[in-house]
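The next block holds one structure in the form of structure tokens; read it before the comments.
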2 protein chains.
Amino acid sequence: MSNESHRAVQYGGGRDALLEATIRVVARAGLRKVTNRAVAEEAGVTHGLVSHHFGNRDNLIAEALRYVLERSLDRSTLESGTGSVDDFARTLVEMATGDADGQAFQYELILESRRRPELRPLVASLYDTYRDATRRELARIGLADVPGLDHAVFAALDGLVFQELADPDPERMQSALDALHDLLRSATVAPPPHVPARAARS
Amino acid sequence: MSNESHRAVQYGGGRDALLEATIRVVARAGLRKVTNRAVAEEAGVTHGLVSHHFGNRDNLIAEALRYVLERSLDRSTLESGTGSVDDFARTLVEMATGDADGQAFQYELILESRRRPELRPLVASLYDTYRDATRRELARIGLADVPGLDHAVFAALDGLVFQELADPDPERMQSALDALHDLLRSATVAPPPHVPARAARS
DNA sequence: GGTCAAACTATCCAGACGGAAAGTTCTTGG
DNA sequence: CCAAGAACTTTCCGTCTGGATAGTTTGACC
């Protein structure tokens, strides 16, 4: 149609536009500002489309989280694949600084999952994605079998990303990553004392 | 007055009641549910009292964060003081599991500070409290001078507390703390390679 | 060109909201 | 006992909300 160039959203693209708009509104203004009208305006449609596609506001938010999960599985953003702790740390920094909205959205929804059980499987899946990537990187640097290490390292990275969102300080983040890197390097040459004998031999 | 036993809040105690109610409502239902009426009901007063004491909703929330900070400075909950990594980890676990509402409230407000600059000094102060406590514990176990280590360790603890709130799994938390403990013990006997020569000598 | 279903818009309404202002109650001090 | 100020309640109102429903537009298919 000749007025197509005036339309903010291509016909039939309203649903995805609403999901992407939801992510931006959450990141920018928090869950409180996620109203049917605010999201519709951000998406360039009218607020009736929310009811049409999602039924209600809660479903919209849950679908937006699912949408983010699908996109993150496609991208494997956490994993550099080179076996280098430096590269791993660098992809992390890039993730935190390059997609602050996406990260902020995830943290808001993680907290929201405490009060909305239907979000918990999605949050668990999100965390599994990150923990699996952490495990694979640890395996590449020779630390596959240390119990709990994957959880400790992922928690450190998660904590750094969260703090960088809240109170950005790239130097602090870099020095923390350097220290973590050094701890892990120490651990590859002198494994922690309670590694099982079998693992120590191999 | 003979009807005093019927009053939920002692006369003159409305302000503190509203602040404590705000913390509970944030933790339980998120910032979206923090309305003048919801908080007043939780506090056992009427919603006009919010305007009277705080002027507006934003001030109420900021004052609630300040209130939490004052209470946490009084309690130094993160620090065991024994120099034992085990004790440090244990006080952390207790903090995360024993005051889930307080922790949840802090994380919600940390994210909110991204969009409300007036909260940032309060959040920075909160983080300083935690980082100082982490630094002192690291000093007690002989790791005072490793650059960035305090940030890495605090981030790991912060990440663990956050994940425990969102998706409680005490075994995972314990194994992560054990692994972190082992990494730090390794570091006390074989300091990381890039420690400055001066520090290595001393 | 017509039909039909999908996608979307416009309208409506009951209820909740923030906060201001007037009024009431309680406590303290003289 | 009274006055005054602090603390609190009640009332009001414009605005915003969620979501339902009727109506319109678009695109695919025959």
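Throughout, protein chains are lettered first and strands after them, A, B, ... in sequence-line order, and every chain is numbered starting at 1. Given the structure is predicted, the values throughout are model-derived calculations rather than measurements.
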Where along residues 22-31 of chain B does a heavy atom come under 4.0 Å from DNA chain D, residue by residue in number order?
->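 Listed by number, there are none.
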Partners meeting side chain to side chain contact (heavy atoms under 4.5 Å, CB included) with A:S175 (sequence neighbours left out) |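 By the side chain to side chain contact (heavy atoms under 4.5 Å, CB included) rule, A:S175 matches B:H151.
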Quick one: [X] [atom1] to [N] [atom2], roughly how many Å, whole number?
X     : N      : atom1 : atom2 : result
A:F54 : D:dA20 : CZ    : C1'   : 17 Å
A:R57 : C:dA16 : CZ    : P     : 16 Å
A:N36 : C:dA16 : CG    : P     : 17 Å
B:N56 : D:dT15 : CG    : P     : 19 Å
B:L19 : D:dA7  : CG    : C1'   : 15 Å

Do side-chain atoms of B:R28 reach the backbone of B:D101 as a donor and acceptor pair under 3.5 angstrom?
->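 Answer holds: no.
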If only atom types and distance count, is the side chain of A:E164 paired as donor or acceptor with the main-chain N or O of A:D169 below 3.5 Å?
->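 Looks like yes, one N/O pair under 3.5 Å.
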Output every pair passing ring pair (Phe, Tyr, Trp, His ring centres under 6.0 Å) with a member in residues 12-48 of chain A, not counting sequence neighbours, ordered by first then second residue.
->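 Listed once each, the pairs would be none.
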Do nucleotides 6-12 of chain C as a string where each nucleotide becomes B, S or -: B if the base has a protein heavy atom under 4.0 Å, S if just the sugar-phosphate does, - if no protein is that close.
-> BBBBBBB
Which residues pass the salt bridge (Lys or Arg N to Asp or Glu O under 4.0 Å) test with B:E112, sequence neighbours left out?
->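 Here the qualifying residues are B:R115.
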B:R32 side chain near D:dG18 phosphate (N/O to OP1/OP2, under 4.0 Å) =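 Checking D:dG18 against B:R32, a side-chain N or O does come within under 4.0 Å of OP1 or OP2.
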Donor-acceptor contacts under 3.5 Å from residues 56-65 of chain B side chains, at least two apart:
unit_1 : atom_1 : unit_2 : atom_2 : d
B:N56  : OD1    : B:D58  : N      : 3.1
B:N56  : OD1    : B:N59  : N      : 2.8
B:R57  : NE     : B:V34  : O      : 2.6
B:R57  : NH2    : B:L31  : O      : 2.7
B:R57  : NH2    : B:V34  : O      : 3.3
B:N59  : ND2    : B:F54  : O      : 2.9
B:E63  : OE2    : B:R66  : NH1    : 2.5

Over 12 foreign heavy atoms within 6.0 Å of CD, A:E118 =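 Check passes, neighbour count above 12.
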Given B:L122 and B:V68, is the side-chain contact (heavy atoms from CB on, under 4.5 Å) satisfied, shown in steps?
-> CA-CA 10 Å; B:L122 298 172; B:V68 156; over 6 Å; no
